[in-house]
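Taking it in order: structure first as C-alpha coordinates, then the write-up.
Throughout, protein chains are lettered first and strands after them, A, B, ... in sequence-line order, and every chain is numbered starting at 1.
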Number of protein chains: 2
Amino acid sequence: MRMSEGVEWALHSCLNLTWLPPDQAVPTAKLAEFYELPAAYLNKQLQALARAGIVSSTPGPRGGFRLARSPESITLLDVVVAIEGADEAFRCEQLLKRGPGADPAVDYRQACLVSRAMRRADLAWRRELAEQTLADLKAEVERHYPATPSNTANRFAALRA
Amino acid sequence: MRMSEGVEWALHSCLNLTWLPPDQAVPTAKLAEFYELPAAYLNKQLQALARAGIVSSTPGPRGGFRLARSPESITLLDVVVAIEGADEAFRCEQLLKRGPGADPAVDYRQACLVSRAMRRADLAWRRELAEQTLADLKAEVERHYPATPSNTANRFAALRA
DNA sequence: GTGCATTTACTCGGATACCCATTGTCCGAGTCGGTGGGG
DNA sequence: CCCCACCGACTCGGACAATGGGTATCCGAGTAAATGCAC
(Lines give C-alpha, C1' and ligand atoms only; values in the text may rest on other atoms or scores of the structure.)
Protein backbone atom coordinates (compact mmCIF):
# COMPACT_ATOMS: atom_id res chain seq x y z
CA MET A 1 0.00 0.00 0.00
CA ARG A 2 1.71 3.12 -1.20
CA MET A 3 0.34 6.61 -1.42
CA SER A 4 0.90 8.53 -4.63
CA GLU A 5 3.89 10.81 -4.77
CA GLY A 6 1.55 13.54 -5.94
CA VAL A 7 0.09 13.92 -2.46
CA GLU A 8 3.40 15.17 -1.09
CA TRP A 9 3.82 17.54 -4.03
CA ALA A 10 0.29 18.85 -3.64
CA LEU A 11 0.60 19.43 0.09
CA HIS A 12 3.87 21.32 -0.18
CA SER A 13 2.67 23.31 -3.19
CA CYS A 14 -0.57 24.33 -1.49
CA LEU A 15 1.38 25.28 1.60
CA ASN A 16 3.69 27.43 -0.49
CA LEU A 17 0.69 29.18 -2.01
CA THR A 18 -0.39 30.26 1.48
CA TRP A 19 2.74 32.40 1.72
CA LEU A 20 1.97 34.40 -1.41
CA PRO A 21 -0.58 37.17 -1.93
CA PRO A 22 -3.96 35.44 -2.31
CA ASP A 23 -4.62 37.11 -5.65
CA GLN A 24 -1.30 36.10 -7.18
CA ALA A 25 -1.48 33.21 -9.63
CA VAL A 26 1.59 30.97 -9.89
CA PRO A 27 2.18 28.93 -13.04
CA THR A 28 2.98 25.24 -12.85
CA ALA A 29 6.53 25.87 -14.04
CA LYS A 30 7.36 27.95 -10.99
CA LEU A 31 5.74 25.61 -8.53
CA ALA A 32 7.68 22.75 -10.09
CA GLU A 33 10.98 24.62 -10.17
CA PHE A 34 10.64 25.31 -6.45
CA TYR A 35 11.39 21.67 -5.61
CA GLU A 36 12.88 20.65 -8.97
CA LEU A 37 9.87 18.56 -9.86
CA PRO A 38 8.75 17.48 -13.36
CA ALA A 39 6.45 20.35 -14.36
CA ALA A 40 4.12 18.44 -16.67
CA TYR A 41 3.36 15.82 -14.07
CA LEU A 42 2.90 18.32 -11.27
CA ASN A 43 0.45 20.05 -13.57
CA LYS A 44 -1.59 16.88 -13.61
CA GLN A 45 -1.84 16.94 -9.82
CA LEU A 46 -2.78 20.60 -9.82
CA GLN A 47 -5.58 19.83 -12.24
CA ALA A 48 -6.93 17.33 -9.75
CA LEU A 49 -6.78 19.98 -7.03
CA ALA A 50 -8.64 22.37 -9.34
CA ARG A 51 -11.37 19.81 -10.02
CA ALA A 52 -11.74 19.41 -6.25
CA GLY A 53 -12.17 23.14 -5.82
CA ILE A 54 -9.01 23.52 -3.74
CA VAL A 55 -7.17 25.72 -6.23
CA SER A 56 -8.45 27.78 -9.13
CA SER A 57 -6.67 28.03 -12.45
CA THR A 58 -6.22 31.02 -14.73
CA PRO A 59 -5.02 30.59 -18.33
CA GLY A 60 -2.98 32.99 -20.36
CA PRO A 61 -0.07 35.27 -19.42
CA ARG A 62 0.20 36.09 -15.71
CA GLY A 63 -2.02 33.06 -15.18
CA GLY A 64 -1.46 29.94 -13.09
CA PHE A 65 -2.90 28.51 -9.90
CA ARG A 66 -3.99 30.09 -6.65
CA LEU A 67 -5.87 28.79 -3.62
CA ALA A 68 -9.59 28.77 -4.34
CA ARG A 69 -10.57 29.21 -0.68
CA SER A 70 -9.05 30.28 2.59
CA PRO A 71 -6.37 28.01 4.13
CA GLU A 72 -8.65 27.66 7.16
CA SER A 73 -11.22 25.84 5.05
CA ILE A 74 -8.81 23.40 3.38
CA THR A 75 -8.06 20.28 5.37
CA LEU A 76 -5.27 17.82 4.71
CA LEU A 77 -7.95 15.25 3.99
CA ASP A 78 -9.32 17.47 1.22
CA VAL A 79 -5.94 17.47 -0.49
CA VAL A 80 -5.35 13.75 -0.04
CA VAL A 81 -8.80 12.89 -1.36
CA ALA A 82 -8.36 15.22 -4.33
CA ILE A 83 -5.21 13.36 -5.40
CA GLU A 84 -5.85 9.80 -4.24
CA GLY A 85 -9.59 9.60 -4.69
CA ALA A 86 -12.29 9.09 -2.09
CA ASP A 87 -12.15 5.29 -1.98
CA GLU A 88 -10.88 3.73 1.22
CA ALA A 89 -7.63 1.78 1.11
CA PHE A 90 -9.22 -1.51 2.17
CA ARG A 91 -11.80 -2.50 -0.39
CA CYS A 92 -14.11 -5.27 0.80
CA GLU A 93 -14.63 -7.77 -2.01
CA GLN A 94 -17.39 -9.46 -0.03
CA LEU A 95 -15.68 -12.83 0.27
CA LEU A 96 -18.48 -13.89 2.61
CA LYS A 97 -20.82 -14.08 -0.37
CA ARG A 98 -18.85 -17.21 -1.31
CA GLY A 99 -18.79 -18.69 2.17
CA PRO A 100 -21.29 -20.94 3.96
CA GLY A 101 -24.56 -19.43 5.07
CA ALA A 102 -24.20 -16.47 2.73
CA ASP A 103 -27.24 -14.34 2.01
CA PRO A 104 -27.10 -12.89 -1.52
CA ALA A 105 -29.27 -9.96 -0.43
CA VAL A 106 -26.84 -8.80 2.24
CA ASP A 107 -24.31 -6.07 1.50
CA TYR A 108 -21.26 -7.50 3.21
CA ARG A 109 -19.37 -4.26 2.85
CA GLN A 110 -21.61 -3.18 5.71
CA ALA A 111 -22.26 -6.45 7.50
CA CYS A 112 -18.83 -8.12 7.41
CA LEU A 113 -17.12 -7.48 10.72
CA VAL A 114 -13.68 -7.67 9.14
CA SER A 115 -14.74 -4.92 6.79
CA ARG A 116 -16.11 -2.89 9.68
CA ALA A 117 -12.90 -3.21 11.65
CA MET A 118 -10.87 -2.04 8.71
CA ARG A 119 -13.27 0.80 8.13
CA ARG A 120 -12.89 1.94 11.74
CA ALA A 121 -9.15 2.24 11.21
CA ASP A 122 -9.69 4.08 7.97
CA LEU A 123 -12.04 6.53 9.68
CA ALA A 124 -9.52 7.18 12.43
CA TRP A 125 -6.98 8.02 9.74
CA ARG A 126 -9.39 10.30 7.92
CA ARG A 127 -10.43 12.04 11.11
CA GLU A 128 -6.84 12.84 11.94
CA LEU A 129 -6.33 14.31 8.47
CA ALA A 130 -9.59 16.24 8.57
CA GLU A 131 -8.71 17.90 11.86
CA GLN A 132 -5.70 19.69 10.38
CA THR A 133 -6.17 22.60 8.01
CA LEU A 134 -3.65 24.24 5.76
CA ALA A 135 -3.85 27.25 8.08
CA ASP A 136 -2.87 25.09 11.07
CA LEU A 137 0.08 23.71 9.19
CA LYS A 138 1.11 27.14 7.98
CA ALA A 139 1.00 28.54 11.52
CA GLU A 140 2.97 25.62 12.89
CA VAL A 141 5.67 25.98 10.26
CA GLU A 142 5.96 29.71 10.94
CA ARG A 143 6.31 29.00 14.64
CA HIS A 144 9.14 26.50 14.13
CA TYR A 145 10.81 28.17 11.16
CA PRO A 146 10.08 31.93 11.16
CA ALA A 147 12.19 32.50 8.05
CA THR A 148 10.02 30.29 5.87
CA PRO A 149 7.46 32.87 4.67
CA SER A 150 10.06 35.33 3.40
CA ASN A 151 12.30 32.57 2.08
CA THR A 152 9.42 31.15 0.12
CA ALA A 153 8.25 34.46 -1.30
CA ASN A 154 11.82 35.40 -2.21
CA ARG A 155 12.49 32.19 -4.03
CA PHE A 156 9.30 32.46 -6.03
CA ALA A 157 10.23 36.00 -6.96
CA ALA A 158 13.70 34.91 -8.01
CA LEU A 159 12.50 32.12 -10.28
CA ARG A 160 12.80 33.07 -13.92
CA ALA A 161 9.66 34.31 -15.56
CA MET B 1 -3.74 4.27 -2.61
CA ARG B 2 -5.07 0.78 -2.67
CA MET B 3 -4.46 -2.00 -0.19
CA SER B 4 -3.54 -5.40 -1.55
CA GLU B 5 -6.35 -7.87 -2.01
CA GLY B 6 -4.26 -10.34 -0.04
CA VAL B 7 -5.00 -8.53 3.22
CA GLU B 8 -8.67 -9.39 3.01
CA TRP B 9 -7.87 -13.00 2.15
CA ALA B 10 -5.38 -13.24 5.01
CA LEU B 11 -7.75 -11.76 7.58
CA HIS B 12 -10.63 -14.05 6.67
CA SER B 13 -8.38 -17.09 6.43
CA CYS B 14 -6.80 -16.43 9.83
CA LEU B 15 -10.23 -15.91 11.30
CA ASN B 16 -11.41 -19.21 9.86
CA LEU B 17 -8.43 -20.93 11.43
CA THR B 18 -9.60 -19.75 14.86
CA TRP B 19 -12.68 -21.95 14.50
CA LEU B 20 -10.74 -25.13 13.95
CA PRO B 21 -8.83 -27.25 16.47
CA PRO B 22 -5.54 -25.44 17.10
CA ASP B 23 -3.49 -28.51 16.21
CA GLN B 24 -5.22 -29.07 12.88
CA ALA B 25 -3.25 -27.99 9.84
CA VAL B 26 -5.26 -26.82 6.83
CA PRO B 27 -3.70 -26.96 3.35
CA THR B 28 -3.81 -23.96 1.06
CA ALA B 29 -6.21 -25.74 -1.28
CA LYS B 30 -8.91 -25.96 1.38
CA LEU B 31 -8.48 -22.40 2.58
CA ALA B 32 -8.74 -21.24 -1.02
CA GLU B 33 -11.74 -23.40 -1.84
CA PHE B 34 -13.58 -21.91 1.14
CA TYR B 35 -14.00 -18.59 -0.69
CA GLU B 36 -13.25 -19.83 -4.22
CA LEU B 37 -9.91 -18.06 -4.30
CA PRO B 38 -6.94 -18.90 -6.57
CA ALA B 39 -5.00 -21.37 -4.41
CA ALA B 40 -1.51 -20.63 -5.70
CA TYR B 41 -1.82 -16.95 -5.02
CA LEU B 42 -3.38 -17.40 -1.61
CA ASN B 43 -0.42 -19.64 -0.85
CA LYS B 44 1.84 -16.68 -1.48
CA GLN B 45 0.01 -14.64 1.12
CA LEU B 46 0.14 -17.50 3.61
CA GLN B 47 3.89 -17.68 3.11
CA ALA B 48 4.09 -14.04 4.11
CA LEU B 49 2.06 -14.77 7.22
CA ALA B 50 4.42 -17.66 8.01
CA ARG B 51 7.48 -15.44 7.65
CA ALA B 52 5.84 -13.01 10.07
CA GLY B 53 5.29 -15.78 12.62
CA ILE B 54 1.52 -15.53 12.48
CA VAL B 55 0.94 -18.98 11.05
CA SER B 56 3.19 -22.03 10.96
CA SER B 57 3.46 -24.34 7.99
CA THR B 58 3.78 -28.11 7.87
CA PRO B 59 4.76 -29.90 4.66
CA GLY B 60 3.73 -33.34 3.51
CA PRO B 61 0.44 -35.23 3.84
CA ARG B 62 -1.91 -33.94 6.56
CA GLY B 63 0.18 -30.78 6.43
CA GLY B 64 -0.85 -27.19 5.83
CA PHE B 65 -1.11 -24.04 7.90
CA ARG B 66 -2.23 -23.37 11.43
CA LEU B 67 -2.08 -20.34 13.71
CA ALA B 68 1.38 -20.07 15.22
CA ARG B 69 0.15 -18.29 18.35
CA SER B 70 -3.05 -17.66 20.23
CA PRO B 71 -5.67 -15.43 18.58
CA GLU B 72 -5.37 -13.10 21.57
CA SER B 73 -1.80 -12.30 20.61
CA ILE B 74 -2.45 -11.61 16.90
CA THR B 75 -3.58 -8.09 16.10
CA LEU B 76 -5.10 -6.93 12.86
CA LEU B 77 -2.05 -4.72 12.45
CA ASP B 78 0.17 -7.81 12.59
CA VAL B 79 -1.69 -9.33 9.66
CA VAL B 80 -1.77 -6.12 7.63
CA VAL B 81 1.94 -5.52 8.15
CA ALA B 82 2.75 -9.12 7.25
CA ILE B 83 1.06 -8.72 3.87
CA GLU B 84 1.59 -5.05 3.03
CA GLY B 85 4.96 -4.47 4.63
CA ALA B 86 5.86 -2.18 7.51
CA ASP B 87 6.36 0.99 5.47
CA GLU B 88 3.87 3.77 6.01
CA ALA B 89 1.62 4.76 3.14
CA PHE B 90 2.92 8.32 2.91
CA ARG B 91 6.61 8.20 2.11
CA CYS B 92 8.36 11.53 2.62
CA GLU B 93 10.72 12.17 -0.28
CA GLN B 94 12.25 15.12 1.56
CA LEU B 95 11.26 17.76 -0.96
CA LEU B 96 12.49 20.38 1.48
CA LYS B 97 16.07 19.33 0.70
CA ARG B 98 15.48 21.05 -2.66
CA GLY B 99 13.84 24.14 -1.24
CA PRO B 100 15.32 27.41 0.03
CA GLY B 101 17.16 27.35 3.34
CA ALA B 102 17.60 23.58 3.22
CA ASP B 103 20.12 21.97 5.55
CA PRO B 104 21.67 18.85 3.98
CA ALA B 105 22.35 17.42 7.43
CA VAL B 106 18.71 17.47 8.48
CA ASP B 107 16.53 14.38 8.11
CA TYR B 108 13.35 15.95 6.80
CA ARG B 109 11.42 12.75 7.31
CA GLN B 110 11.53 13.79 10.95
CA ALA B 111 11.69 17.57 10.68
CA CYS B 112 9.21 18.29 7.88
CA LEU B 113 5.91 19.25 9.47
CA VAL B 114 3.95 17.95 6.50
CA SER B 115 5.60 14.61 7.03
CA ARG B 116 4.83 14.73 10.74
CA ALA B 117 1.17 15.50 10.11
CA MET B 118 0.87 12.58 7.74
CA ARG B 119 2.66 10.35 10.19
CA ARG B 120 0.21 11.30 12.95
CA ALA B 121 -2.65 10.12 10.75
CA ASP B 122 -0.77 6.94 9.93
CA LEU B 123 -0.18 6.26 13.62
CA ALA B 124 -3.86 6.76 14.42
CA TRP B 125 -4.66 4.17 11.76
CA ARG B 126 -2.10 1.74 13.11
CA ARG B 127 -3.26 2.19 16.67
CA GLU B 128 -6.81 1.36 15.69
CA LEU B 129 -5.63 -1.81 13.97
CA ALA B 130 -3.33 -2.78 16.82
CA GLU B 131 -6.11 -2.53 19.38
CA GLN B 132 -8.10 -5.32 17.78
CA THR B 133 -6.97 -8.92 18.07
CA LEU B 134 -8.14 -11.92 16.14
CA ALA B 135 -9.75 -13.11 19.38
CA ASP B 136 -11.77 -9.89 19.62
CA LEU B 137 -12.95 -10.29 16.08
CA LYS B 138 -13.76 -13.95 16.59
CA ALA B 139 -15.83 -13.17 19.69
CA GLU B 140 -17.67 -10.37 17.96
CA VAL B 141 -18.55 -12.57 15.00
CA GLU B 142 -19.82 -15.31 17.30
CA ARG B 143 -21.97 -12.78 19.13
CA HIS B 144 -23.58 -11.51 15.93
CA TYR B 145 -23.65 -14.77 14.00
CA PRO B 146 -23.72 -17.72 16.42
CA ALA B 147 -23.90 -20.25 13.59
CA THR B 148 -20.55 -19.22 12.14
CA PRO B 149 -18.25 -21.55 14.13
CA SER B 150 -20.15 -24.72 13.23
CA ASN B 151 -20.82 -23.55 9.68
CA THR B 152 -17.12 -22.93 9.18
CA ALA B 153 -15.99 -26.22 10.69
CA ASN B 154 -18.61 -28.12 8.68
CA ARG B 155 -17.63 -26.57 5.40
CA PHE B 156 -13.96 -27.33 5.97
CA ALA B 157 -14.86 -30.90 6.78
CA ALA B 158 -16.98 -31.17 3.63
CA LEU B 159 -14.28 -29.88 1.29
CA ARG B 160 -12.78 -32.68 -0.72
CA ALA B 161 -9.58 -34.12 0.60
C1' DG C 1 1.65 -60.19 14.37
C1' DT C 2 5.36 -56.79 14.36
C1' DG C 3 8.99 -53.84 12.77
C1' DC C 4 11.26 -51.72 8.99
C1' DA C 5 12.56 -50.16 4.35
C1' DT C 6 10.43 -48.52 0.29
C1' DT C 7 7.24 -46.27 -2.26
C1' DT C 8 3.87 -42.87 -2.97
C1' DA C 9 1.31 -38.90 -2.73
C1' DC C 10 0.81 -34.64 -0.76
C1' DT C 11 2.46 -30.16 1.03
C1' DC C 12 4.94 -25.91 0.97
C1' DG C 13 8.30 -22.69 -1.26
C1' DG C 14 10.37 -19.95 -4.48
C1' DA C 15 11.20 -18.83 -9.40
C1' DT C 16 8.75 -17.31 -13.43
C1' DA C 17 5.17 -14.58 -16.68
C1' DC C 18 1.21 -11.22 -17.00
C1' DC C 19 -1.46 -7.11 -16.35
C1' DC C 20 -3.09 -2.86 -14.69
C1' DA C 21 -2.31 1.54 -12.28
C1' DT C 22 0.86 5.02 -11.37
C1' DT C 23 4.22 7.75 -13.47
C1' DG C 24 5.87 10.59 -17.05
C1' DT C 25 5.56 13.26 -21.48
C1' DC C 26 3.67 15.80 -25.17
C1' DC C 27 0.94 18.88 -28.08
C1' DG C 28 -3.33 21.60 -28.90
C1' DA C 29 -7.21 25.05 -27.36
C1' DG C 30 -8.01 29.17 -25.07
C1' DT C 31 -6.88 33.54 -23.08
C1' DC C 32 -4.66 37.61 -21.57
C1' DG C 33 -1.19 41.17 -22.25
C1' DG C 34 1.45 43.82 -25.25
C1' DT C 35 1.94 46.45 -29.57
C1' DG C 36 1.25 49.20 -33.46
C1' DG C 37 -1.61 52.10 -36.06
C1' DG C 38 -5.28 55.32 -36.59
C1' DG C 39 -8.08 59.09 -34.91
C1' DC D 1 -2.36 61.91 -26.52
C1' DC D 2 -5.99 58.22 -26.47
C1' DC D 3 -8.49 54.29 -28.23
C1' DC D 4 -8.96 50.10 -30.74
C1' DA D 5 -7.79 46.01 -33.36
C1' DC D 6 -4.37 42.78 -34.12
C1' DC D 7 -0.71 39.81 -32.91
C1' DG D 8 2.01 37.05 -30.09
C1' DA D 9 3.20 34.45 -26.26
C1' DC D 10 1.95 32.19 -22.28
C1' DT D 11 -1.10 29.09 -19.60
C1' DC D 12 -3.88 25.24 -18.66
C1' DG D 13 -6.08 20.85 -20.11
C1' DG D 14 -6.52 16.49 -21.74
C1' DA D 15 -4.72 12.81 -24.82
C1' DC D 16 -0.79 9.62 -25.50
C1' DA D 17 3.54 6.32 -23.96
C1' DA D 18 6.65 3.89 -20.38
C1' DT D 19 7.60 1.86 -16.15
C1' DG D 20 6.93 -0.76 -11.76
C1' DG D 21 4.29 -3.27 -8.36
C1' DG D 22 0.63 -6.29 -7.65
C1' DT D 23 -1.55 -10.43 -9.59
C1' DA D 24 -1.51 -14.99 -11.14
C1' DT D 25 0.66 -19.40 -12.32
C1' DC D 26 3.73 -23.21 -12.43
C1' DC D 27 7.04 -26.74 -11.15
C1' DG D 28 10.54 -28.62 -7.96
C1' DA D 29 12.35 -29.94 -3.01
C1' DG D 30 11.08 -32.02 1.07
C1' DT D 31 8.24 -34.67 4.20
C1' DA D 32 5.05 -37.68 6.38
C1' DA D 33 2.01 -41.34 5.80
C1' DA D 34 0.83 -45.66 3.80
C1' DT D 35 2.23 -49.96 1.95
C1' DG D 36 4.34 -54.28 1.34
C1' DC D 37 7.69 -57.50 2.83
C1' DA D 38 10.74 -59.94 5.79
C1' DC D 39 11.22 -61.89 10.20
Side-chain angles (χ1 to χ4, degrees), chain A residues 1-10 13 17 23-33 35-66 68 80 82-85 87 89-91 93 95 159-161, chain B residues 1-10 13 17 23-33 35-66 68 80 82-85 87 89-91 93 95 159-161:
Chain A
M1 184 180 51
R2 188 174 129 206
M3 185 171 296
S4 165
E5 181 99 5
V7 171
E8 186 175 8
W9 301 0
S13 295
L17 287 176
D23 58 346
Q24 177 177 348
V26 183
T28 302
K30 278 197 180 186
L31 286 168
E33 184 63 22
Y35 294 121
E36 303 176 12
L37 300 174
Y41 190 34
L42 175 62
N43 184 32
K44 198 181 182 67
Q45 318 296 345
L46 292 171
Q47 287 177 33
L49 292 177
R51 275 192 295 270
I54 293 171
V55 301
S56 71
S57 64
T58 311
R62 315 289 278 169
F65 292 91
R66 77 196 71 188
V80 170
I83 304 295
E84 284 288 326
D87 289 349
F90 179 87
R91 233 158 296 177
E93 295 291 337
L95 293 193
L159 289 177
R160 68 191 186 289
Chain B
M1 183 181 52
R2 188 175 129 204
M3 185 171 296
S4 166
E5 180 99 5
V7 172
E8 186 175 7
W9 301 0
S13 293
L17 287 177
D23 59 345
Q24 176 179 349
V26 183
T28 302
K30 278 196 178 187
L31 286 168
E33 184 63 21
Y35 293 121
E36 303 176 13
L37 300 175
Y41 189 33
L42 176 61
N43 185 31
K44 196 182 184 66
Q45 317 296 346
L46 292 171
Q47 286 176 35
L49 293 176
R51 276 192 295 270
I54 293 172
V55 300
S56 71
S57 64
T58 312
R62 312 290 277 173
F65 293 91
R66 75 195 74 186
V80 170
I83 303 294
E84 284 287 325
D87 290 348
F90 180 86
R91 233 159 296 177
E93 296 291 337
L95 293 192
L159 290 177
R160 69 192 186 289

What is the distance, to the nearest angstrom, from the [atom1] atom on [X] to the [atom2] atom on [N]?
X	N	atom1	atom2	value
B:Leu42	D:dA24	CG	P	11 Å
A:Lys30	D:dC12	NZ	C1'	16 Å
B:Phe65	C:dC10	CZ	P	17 Å
A:Tyr41	C:dT23	OH	P	4 Å
A:Leu31	D:dT11	CG	C1'	13 Å
B:Leu46	C:dC12	CG	P	8 Å
A:Glu8	C:dT23	CD	P	12 Å
A:Ile83	C:dA21	CD1	P	18 Å

For a 4.5 angstrom cut-off between non-hydrogen side-chain atoms, does [X] reach [Y]?
X	Y	value
B:Met1	A:Met1	yes
B:Leu49	B:Gln45	no
A:Ser56	A:Arg66	yes

Checking side-chain contact (heavy atoms from CB on, under 4.5 Å) for the pair B:Asn43/B:Phe65: CA distance, chi angles, key distance, verdict?
CA-CA 10 Å; B:Asn43 185 31; B:Phe65 293 91; 3.8 Å; yes
Distance check: side-chain N/O of [X] vs OP1/OP2 of [N], anything under 4.0 Å?
X	N	result
B:Thr28	C:dT11	no
A:Ser57	D:dT11	no
B:Thr58	D:dA32	no

Kindly give the atom pairs (protein nitrogen or oxygen, nucleotide nitrogen or oxygen) under 3.5 Å for nucleotides 14-20 of chain D.
unit_1 : atom_1 : unit_2  : atom_2 : d
D:dG14 : OP2    : A:Gln47 : OE1    : 3.2
D:dG14 : OP2    : A:Arg51 : NH1    : 3.3
D:dG14 : N7     : A:Gln47 : NE2    : 3.3

OG on B:Ser4 to CZ on A:Arg91, rounded to 0.5 Å
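Here the rounded value is 11.5 Å.
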Taking all non-hydrogen atoms of both residues into account, name the closest pair between B:Ala32 and B:Pro38 and its distance.
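Looking at all heavy atoms of both residues, the shortest contact is CB-C, 4.4 Å.
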For residues B:Gly53 and B:Ala68, report the shortest heavy-atom separation together with the two atoms involved.
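Taking B:Gly53 first and B:Ala68 second, the nearest heavy atoms are O-CB, 3.5 Å.
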From the list C:dT23, D:dA9, D:dA24, which nucleotide is the closest neighbour of the side chain of B:Trp9?
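Selected nucleotide (nearest to the side chain): D:dA24.
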5' priority, DNA chain D, between B:Pro38 and B:Glu84 [closest heavy atom]
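Nearest nucleotide further toward 5': that of B:Glu84.
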